[in-house]
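Remarks on the structure that follows.
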There are 2 protein chains.
Amino acid sequence: MALGKDYATQQCSIARALEVVGERWTLLVVRDALYGVRRYNDFLVHLGAPRAVLANRLQTLTAEGILEKRRYQESPPRDEYVVTERGTALWPVLLALGAWGREHYGEDRLRVFRHAACDTELAPTGLCPACGVTVPAEDVLMVPGPGLDPDPADPVSRALLKPKRLLQPIDTDRV
Amino acid sequence: MALGKDYATQQCSIARALEVVGERWTLLVVRDALYGVRRYNDFLVHLGAPRAVLANRLQTLTAEGILEKRRYQESPPRDEYVVTERGTALWPVLLALGAWGREHYGEDRLRVFRHAACDTELAPTGLCPACGVTVPAEDVLMVPGPGLDPDPADPVSRALLKPKRLLQPIDTDRV
DNA sequence: CGAATTGATTCAGTGAACGAACCGACCGTG
DNA sequence: CACGGTCGGTTCGTTCACTGAATCAATTCG
């Protein structure tokens, strides 16, 4: 990646972070991983990225310890990519980025994030206004917003219509 | 930009945000703008980006309303790029990203961000632990950390060694 | 007048992204 | 046991963006 070469001289942890997750598609892969996507093919259809790029990103993210490749069945050997703690730590970044995007460019809200314990909607900082705590990703409930297409084409988007906890694997087994 | 084409189908405000600020160098330009960098040449020496890319990013960011091009002197005509409210709204994203980068990759802390009102260090969420408020960017005091090179080559890095408020223009007039 | 400063644009070379095709391992069905 | 389908990729030619060096125009300073 050409990124690292120049950013390395930056003396800045933002630049350091962007070396790792600043490439095209990378943060969207992490987003999907947090949403519960785990399989190569599910990433592929949901992201629409070229296969070679996806394979490269999954490999890089695994090497960086953001995802973990895990064998979930032998014969045929199948691996899934599960987000690690380091990857989960990117959740506040994605939340803030999404809040900014919606605030300044989006009309309707597409997804709403709630504190699973009290069902209160999170602030863009990740704080639960009711409980006063910063909600960890595993306690976040993702609910579809009014702006979301109710009948998407791909099965992954369809699985993501159901309210679900972050990090919980998606469930694509249905009509 | 090739970014927009694919991300547009994503039904996601994170993807929408990345369409705008997801390109290489873009977030670093915004970071510098928040740090008080305003002039083409200052961005250039501090970032080390190719001139054509910098010119392109400044133009795009201006078109997106994240920076504002402002004439600061006639004869010779000189413009500076000042961060807008929309650009300032990216501060929490950069803070979270920097916190993640330092946490997972940095050894020393390079910059410390404090609440100007009470001098307390900010949480990665932007919250002031003492006051309990989310500190707006203009009330953030940036202080060099122990890991920062005390004698950098370029004048912009040298100007950024002094404690300063975010958004306040940098001062490069010195030895 | 000549040199320096500022804010760019142009251009050739390189590397990355794109999209389509292909591949190998395995499964289930007939 | 052939046949088609799925899964997780790799390969390849084209296009596009980034890179770095050179150039340029306007103006001020010496």
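All chains are named by letter (A, B, ...) in the order of the sequence lines, taking the proteins before the strands, and each is independently numbered beginning at 1.
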Next item on the list: Name every residue in residues 34-42 of chain A that has at least one heavy atom under 4.0 Å from any atom of DNA chain C, in order of residue number, or write none if there are no such residues.
Entry: none

Notebook entry, point to check: Do the side-chain N or O atoms of A:Tyr72 get closer than 4.0 angstrom to the phosphate oxygens (OP1, OP2) of D:dC7?
Noted result: no

Item checked: N or O in side chain of A:Arg57 less than 4.0 angstrom from C:dA17 OP1/OP2 -> yes

Notebook entry, point to check: Which part of the nucleic acid, if any, lies within reach of B:Val53 when heavy atoms closer than 4.0 Å are counted: base, sugar-phosphate only, or nothing?
Noted result: base

Notebook entry, point to check: When you look at B:Arg38 and B:Asp32, which way does the salt bridge (charged side-chain N to carboxylate O under 4.0 Å, His left out) test go after all the steps?
Noted result: CA-CA 8 Å; B:Arg38 295 187 168 187; B:Asp32 275 13; over 6 Å; no

Check: Using 4.0 Å as the upper bound for N to carboxylate O, is an ion pair formed by A:Asp79 and A:Arg39?
Finding: no

Item checked: Check: B:Arg51 side chain, C:dA8 base, donor-acceptor under 3.5 Å -> yes

Margin query: Taking any heavy-atom pair under 4.0 Å as a contact, classify B:Phe43: base, sugar-phosphate, or nothing.
Written below: nothing

Checklist line | B:Glu121/B:Arg109 ion pair, N-O < 4.0 Å | finding: yes

Notebook entry, point to check: Expressed in angstrom and rounded to an integer, what is the separation of B:Leu47 atom CG from D:dC18 atom C1'?
Noted result: 15 Å

Next item on the list: Mind running salt bridge (charged side-chain N to carboxylate O under 4.0 Å, His left out) on A:Asp139 and A:Arg165 for me, showing each step along the way?
Entry: CA-CA 7 Å; A:Asp139 294 337; A:Arg165 295 262 189 139; 3.6 Å; yes

Which protein N or O atoms sit under 3.5 Å from an N or O of nucleotides 2-4 of chain D?
none

Item checked: Lys/Arg-Asp/Glu bridge criterion (N-O < 4.0 Å) met for B:Lys164, B:Asp171 -> no

Give me the distances for all protein-to-nucleotides 26-30 of chain D N/O pairs that come in under 3.5 Å?
residue, atom, partner, partner atom, Å
D:dT27, O3', B:Pro76, N, 3.3
D:dT28, OP1, B:Ser75, O, 2.9
D:dT28, OP1, B:Ser75, OG, 2.5

Notebook entry, point to check: How about A:Phe113 and A:Trp91: are their ring centroids closer than 6.0 Å?
Noted result: yes

Notebook entry, point to check: Under 4.0 angstrom, heavy atoms only, what part of the nucleic acid is A:Ala52 near: base, sugar-phosphate, or nothing?
Noted result: base

Next item on the list: Would you mind telling me which residue lines up with the more 5' stretch of DNA chain C, B:Asn56 or A:Pro50, judged by nearest nucleotide?
Entry: B:Asn56

Next item on the list: Indicate whether OP1 or OP2 belonging to D:dA17 is found under 4.0 Å from a side-chain N or O atom of B:Trp25.
Entry: no

Check: Counting only side-chain N and O atoms of A:Tyr81, is one of them less than 4.0 Å from OP1 or OP2 of D:dC7?
Finding: no

Next item on the list: Examine distances only and state if a side-chain atom of A:Arg158 and a backbone atom of A:Ala153 form a donor-acceptor pair shorter than 3.5 Å.
Entry: yes

Item checked: B:Arg86 to A:Tyr105, cation-pi by 6.0 Å centre distance and 45° axis angle -> yes

Next item on the list: Report the distance from atom CG of A:Leu54 to atom P of D:dT11, rounded to the nearest whole Å.
Entry: 16 Å

Notebook entry, point to check: For A:Glu138, does the CD atom sit with more than 12 other heavy atoms under 6.0 Å from it, leaving out its own atoms?
Noted result: yes

